[in-house]
Amino acid sequence: MAVIKRQAETNNDTNMTVGDLIKQSQELQNDSTQRLRVLTKTSEESTYQWNNFVKDFCHSSESYYFNDKLKVAALLWKHVKHSKQPKRYSHDLVKIFSKGISQFRK
């Protein structure tokens, strides 16, 4: 419901009522394809994805071996962001892109 509310605010939709929010929220809960489309269209979702990616990378054992963790996370994120794979950190990313991040190893 919060996503729908933020979209209404972004679009300056001053006619939306609480009833409209509830109705749209219920429709999204019943239609997973539409829900995914709505969630991935928001700018907040890409921010959440990045934040979770960085958090997961920094909590991983692999991050211990790098001096500038945020820089490494940004380089890995660049690859993930433009791929069709899920926008999440995985341990395999360090292995796959080791050549591009090796300069940041301790």
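Since this is a predicted model, take the numbers as computed values, not measurements.
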Exercise for the section: Return each pair, listed once, that meets salt bridge (charged side-chain N to carboxylate O under 4.0 Å, His left out) where at least one residue sits in residues 9-19; pairs must be two or more places apart or across chains. Expected result: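 Sorted pair list: K5-E9.
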
Exercise for the section: Evaluate the criterion side chain to side chain contact (heavy atoms under 4.5 Å, CB included) for residue pair F57 and L93; output intermediate values, then yes/no. Expected result: CA-CA 10 Å; F57 172 72; L93 292 171; over 6 Å; no

Handout entry: Residues that I96 engages under side-chain contact (heavy atoms from CB on, under 4.5 Å), provided they are two or more places apart
Key =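 side-chain contact (heavy atoms from CB on, under 4.5 Å) check on I96 returns D92.
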
Handout entry: Test side-chain contact (heavy atoms from CB on, under 4.5 Å) applied to K55 - qualifying residues, sequence neighbours left out
Key =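 Testing K55 for side-chain contact (heavy atoms from CB on, under 4.5 Å), a comparison that skips the adjacent residues, returns N52, H59.
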
Practice task
Measure from the side-chain N and O atoms of S63 to the backbone N and O of K69, and report whether any donor-acceptor pair falls under 3.5 Å.
Solution key: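 No, the answer is negative, given that no donor and acceptor are paired below the 3.5 Å cut-off.
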
Problem - Heavy-atom donor-acceptor pair, K87 side chain to S83 backbone, under 3.5 Å - result: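 Side chain of K87 to backbone of S83: a pair is present.
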
Exercise for the section: Could you check if a side-chain atom of L76 sits within less than 4.5 angstrom of a side-chain atom of F53, using non-hydrogen atoms only? Expected result: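 When only atoms from C-beta onward are counted, F53 and L76 do touch, with a gap below 4.5 Å.
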
Handout entry: Minimum side-chain heavy-atom gap Q49-R88 below 4.5 Å
Key =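 No, too far: nothing below the 4.5 Å cut-off.
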
Problem - With sequence neighbours excluded, residues passing ring-ring contact (aromatic ring centres under 6.0 Å, His included) with F97 - result: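 Per chain and number, F97 pairs via ring-ring contact (aromatic ring centres under 6.0 Å, His included) with H79.
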
Practice task
Could you walk me through whether V94 and F66 pass the side chain to side chain contact (heavy atoms under 4.5 Å, CB included) test, one step at a time?
Solution key: CA-CA 11 Å; V94 173; F66 294 98; 4.1 Å; yes

Handout entry: For D20, all residues meeting side chain to side chain donor-acceptor pair (under 3.5 Å), sequence neighbours excluded
Key =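 By the side chain to side chain donor-acceptor pair (under 3.5 Å) rule, D20 matches T17.
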
Practice task
Mind checking side chain to side chain donor-acceptor pair (under 3.5 Å) for E62 and listing every partner two or more places apart, or none if nothing turns up?
Solution key: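 Residues passing side chain to side chain donor-acceptor pair (under 3.5 Å) with E62: S60, Y89, H91.
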
Please list, one pair per line, the donor and acceptor atoms closer than 3.5 Å that link side chains of residues 98-106 to other protein atoms, with sequence neighbours excluded.
unit_1	atom_1	unit_2	atom_2	d
S98	OG	K95	O	3.3
S102	OG	K99	O	3.2
K106	NZ	Y64	O	3.0

